[in-house]
Amino acid sequence: MGLTNTSTGFLTARGGSGKRLSYTAILAGNPNVGKSSIFNALTGMKQHTGNWTGKTVASAVGHSEREDITFVDLPGMYSLRSHSAEEEAARDFIRGESADAVVVVCDALCLEGGLSLAIQITELTENVIVCVNFMDEAARREIDIDMSVIENALGVPAVGVSARSGEGISELCEIIRNRKSIPKKNRTVSVYPPSVEAELSELESAGYMRWDVTDAWLSGEMDDTEREAFDRCGGRSDGFSEMLTARPVIVAEGIACDAVKKIGTDSVPERFLAYTRRDRMIDRIITSRFWSVPIMLLMLAGIFWLTIVGSNYPSSLLQSGFDKIELLLYSALSFLSDTARELIVCGVFRTLFRVVAVMLPPMAIFFPLFTLMEDFGLLGRIAFNIDGALARSGACGKQALTMCMGLGCNAAGVVGCRIIDSPRERMIAMLTNNFMPCNGRFPILITMSAILCAGKMGLGALVMTAVIVFGVLATLGVSKLLSATLLRGTPSSFTLELPPYRRPQIGRVIVRSVFDRTLFVLGRAAAVAAPAGLVIWVLANVYIVDGTLLTYICAALDPVGRFIGLDGAVLCSFILGFPANEIVLPLTVMCYTASGSLGTGADIAGILAANGWTSLTVINMMIMTVFHFPCSTTVLTVKKESGSLGMTVLSMIIPTVIGFLLCTLTSALYRWL
Amino acid sequence: MHYAGGYTIYCPEVIYISYLSDLVPGESAFINKIENTDISRRLHELGFIGGTFVECVAKAPFKGPSAYLVRGSVIALRKDDARLINVQRAPYSSDCRQYQKWD
C-alpha cells in the first residue's frame with residue numbers, strides 16, 4: 001500500500017551508440033495470474049502484488065540484469081477488445097514491433113481464460129509465448145498440463161513455470177531471447193467456422209492483420225475489402241458478432257480440455273479446478289447475510305487490536321533510544337552556535353525521531369497483517385460484500401478496495417482509484433478516500449482511544465473499529481451526495497473476479513511489507529518531517545514582543561477552535577501537520593508546553609488534562625483526525641490523477657467542512673446534555 | 001440446439017426458462033442467450049456465452065451482486081447485469097462436472 005515505483009511511460013529509450021540493445025518482453029494475461037510475481041522475480045522491482053484482481057494499475061518497466069531482458073508488466077485484461085484507455089494502450093503496445101516476445105501468462109488451474117487471451121494476441125502479433133503459471137499448485141492437486149498440446153494447437157512455444165518457487169523462469173527467459181528465431185509453426189486449431197477462416201486467410205495474404213479485420217467487423221467501421229469479405233462469410237446474419245467474440249473462448253476451452261490431465265492417467269480431472277469445495281464453503285459463510293458484517297468487523301478489530309498491543313512496547317523502546325541519540329548529537333555538534341544546535345537537534349532531528357518512533361511499530365504490524373489478508377484473497381470478498389451499499393450510493397464496488405488501500409496510505413489509495421473504469425466513480429472514490437484514516441493518523445487515534453478508555457487495550461480496539469465504521473458510513477453518505485449533485489450519472493456496470501483462496505507465503509509477506517511499504521512510507525514521512533521540523537522550530541523560537549510566532553498563531557486560531565470544541569493549539573497543529581499527519585500530536589503537546597521543541601514521550605494525558613481537555617475534546621480530536629484535509633502528498637496525488645485543480649480543492653474542503661460540522665455538533669450535544 | 005456460427009451444444013431436459021439473476025446460491029443453469037447491450041461483449045469475454053454452464057455460488061448481502069462460477073473462474077455480477085442473461089435451469093448440476101468439448 002505504499003507508493004511503489006511504477007512508471008507509466010512505455011519503453012522509450014532503446015538506443016545508445018555502440019551498446020547492444022537488450023531483449024524486451026511484454027507480460028500480458030488475465031488479472032490475478034501472477035504476472036507481477038514473475039515480474040518481481042525477474043527484475044526485483046517489488047511491483048505490488050496481492051490476491052485480488054486489478055492490483056496492477058499502471059504498466060511497470062523493469063530490467064533483469066542476469067537475463068538481459070527488459071520486462072513490461074501490463075495490467076491484467078480479459079480481452080484485447082478495448083474497454084478502457086489502459087487496454088487500448090496495451091493493445092497498441094503489443095502490436096508494435098519493438099518487443100521481442102509477448103508472454104501470455106495463464107493460470108494452470110484456469111487455463112481456458114488465459115488461452116482465450118492468447119488466441120486473441122496471436123491474431124495481433126507473431127512473437128507470442130504461452131507461459132502457464134501456478135504449476136506447483138496444479139501438481140499439488142495432481143494435475144498435469146501437456147505443453148505440446150498447447151504448442152501444436154496455437155503454433156507458439158509454451159512453457160510451465162511456478163513463480164513462487166522460481167521454477168521454469170530461466171527456461172522462459174531462454175525462449176524469450178530466442179523467440180524471434182524460432183520458425184513459425186502452423187496452428188492445428190481453427191478458431192472460426194470454415195467460411196470465416198477462409199476469408200481471414202485471404203485478407204492476411206493481402207497484408208491485413210487478422211486482429212484488425214475482426215475488430216473492424218465488430219465495430220462496423222470497415223473498408224471496402226473488409227466489407228466484401230464480411231458479406232461473403234455471412235456477416236449480416238444474426239449472432240455473427242457474438243460468434244466472433246465467443247469462439248476464442250470456446251476454442252480455448254477445447255484446448256484446455258485436451259491439455260489438462262490428471263497426473264499419471266489420461267483421464268480428465270474435475271471441471272472447476274481452481275475454485276474448490278473449501279473455497280465454496282468459506283465464501284458461503286463470508287458472504288452470508290448474517291455473518292458477513294460481523295466477520296468483517298471482527299477481522300478489522302482483530303487487526304487493530306494486534307497493532308495497538310504490538311506497537312506499544314516497541315514505540316517506547318524506540319523513543320528512549322532516540323533520546324540517547326539526541327544527546328549524543330547535541331554534544332557532537334558542540335562546534336556550532338547554541339541556536340544552530342538547537343535548531344538542528346531539537347528542531348529537525350527531534351521531529352524526525354518522533355515521526356519514526358510513533359509511526360514505525362504500528363506500520364510494521366499493520367502492513368504485514370493486511371498483506372496476509374490480501375494475499376489470502378479476502379479483499380475481493382470484502383468488495384463483494386460492500387458493493388451493494390456502494391452501488392446504492394452511486395459508487396463503484398471497487399471503491400471498497402481503494403478504501404482499504406487508503407487505510408495504509410491515502411496517496412496510495414488515490415493512485416489505486418485507477419482500477420475504477422468510470423471517471424465519475426473514480427472521482428468519487430478519490431474525493432472520499434481521506435475518510436479512511438491512513439497509517440499516519442493511526443497513532444493519534446490510538447492515543448486518543450487509549451486516553452478515552454483509560455488504557456484498557458481491548459476497548460481501544462473496539463473504539464478504533466467504531467471510528468473506521470463511522471468513516472465507512474461517511475464515505476457512503478458523501479458518495480451518495482456527490483453522485484446526486486456534482487458528479488451525477490448512472491452507476492456503471494460492475495464485474496469483479498473472486499480469485500480462489502491461496503495460501504499466503506508468510507515469510508515473503510513480512511519481508512515485502514517491511515521493505516516495500518513500511519520503509520517507503522517511512523522514508524516519505526522522514527523526508528517531509530525534516531523540513532517541517534525546521535519550520536516549526538523557527539515558529540516556536542522566534543520571539544516577537546513577548547510571544548513566539550507559534551503562540552500568536554495559536555491565539556489567533558483559538559476562538560474558532562473553541563467554537564467547534566477544540567482549541568487554537570489543535571487547529572494550529574493540524575495546519576502545520578499538513579505535510580505529514582504523524583507530527584500533529586507532538587505539535588499539540590509542543591504548543592501546550594510552550595517549549596521550543598517537541599516534547600519527548602512523557603505523559604500526554606497529563607499534559608492534555610492540564611490544558612483543559614475533557615472527554616469531549618478527545619472525541620472531537622478523533623473526529624478531526626478522520627475528517628480534515630488530506631496530507632500534502634495525497635493532495636498532490638489527487639491533482640496529478642484527476643488533472644483538475646477544482647477537484648483537488650474540493651478534496652481538501654469536503655473533509656474539513658465535515659469535520660468542523662461534526663465537532664460543532666458534538667460540542668453542542670455535550671453542552672446540551 | 002443450434003447457434004449462429006454453426007456450433008452445437010448438448011442441453012438436458014428443460015425445466016423452465018428464467019434469468020441468471022434468479023439463481024440462488026447452489027443452483028446452476030445453461031446460458032440461453034444474452035441481450036445485446038453495451039455490457040454483453042464484456043460478458044462474452046468473461047465466459048458468459050450461449051451454452052455455457054453456470055453455477056451461482058454466493059450472493060452478497062445488502063442486495064449486492066451474486067457470484068457465478070463460469071468456465072473455472074468466479075465472477076461477480078450485479079443484479080441488473082445478470083438480468084440480461086437468459087438461462088435454462090439445469091436439473092442435475094453434477095452432469096456437467098466433466099469438461100465438455102464443443103465442436
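A, B, ... follow the sequence lines: proteins, then strands. Residue 1 opens every chain.
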For A/R232, look at atom CZ and say whether over 12 heavy atoms of other residues, nucleotides or ligands are found less than 6.0 Å away.
yes
For residues [X] and [Y], report the shortest heavy-atom separation together with the two atoms involved.
X: A/E497; Y: B/S73; value: OE2-CB, 3.7 Å
X: A/N385; Y: B/F62; value: O-CD1, 3.6 Å
X: B/P61; Y: A/T287; value: CD-O, 3.4 Å

Please rank [options] by heavy-atom pairs under 4.5 Å with chain B and give me the top one.
options: A/L218, A/I386, A/I286; result: A/L218
options: A/S241, A/A252, A/A391, A/G113; result: A/A391
options: A/A389, A/S116, A/G397, A/G388; result: A/G388

Counting only non-hydrogen atoms closer than 4.5 Å, does B/K59 touch chain A with its backbone (N, CA, C, O), its side chain (CB onward), both, or neither?
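The answer is the backbone of B/K59.
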B/I75, part contacting chain A, at a heavy-atom distance under 4.5 Å
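Backbone plus side chain of B/I75, per the 4.5 Å heavy-atom cut-off to chain A.
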Under 4.5 Å to a heavy atom of chain B? For A/V293 that would be side chain
May I ask you to test the A/D283-B/V57 pair for a side-chain heavy-atom distance under 4.5 Å?
no
Side-chain heavy atoms of A/E253 within contact of B/T52, under 4.5 Å:
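In short, these two side chains do not touch, never coming nearer than 4.5 Å.
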Exactly one candidate in B/R42, B/H44, B/E45 meets side-chain hydrogen bond (donor to acceptor under 3.5 Å, both in side chains) with A/S79; the answer is B/E45
Between B/S66, B/G64, B/P25, B/P65, who has the most heavy-atom pairs with chain A when the cutoff is under 4.5 Å?
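Sorted descending by pairs with chain A, the first entry is B/P65.
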Select, from B/V74, B/L77, B/I39, the one with the greatest count of heavy-atom pairs under 4.5 Å involving chain A.
B/V74
Rounded distance (nearest 0.5 Å) linking atom OG1 of A/T495 with atom CG of B/D81:
8.0 Å
Which distance, rounded to the nearest 0.5 Å, do you find between the CG of A/L496 and the CZ of B/R78?
10.5 Å
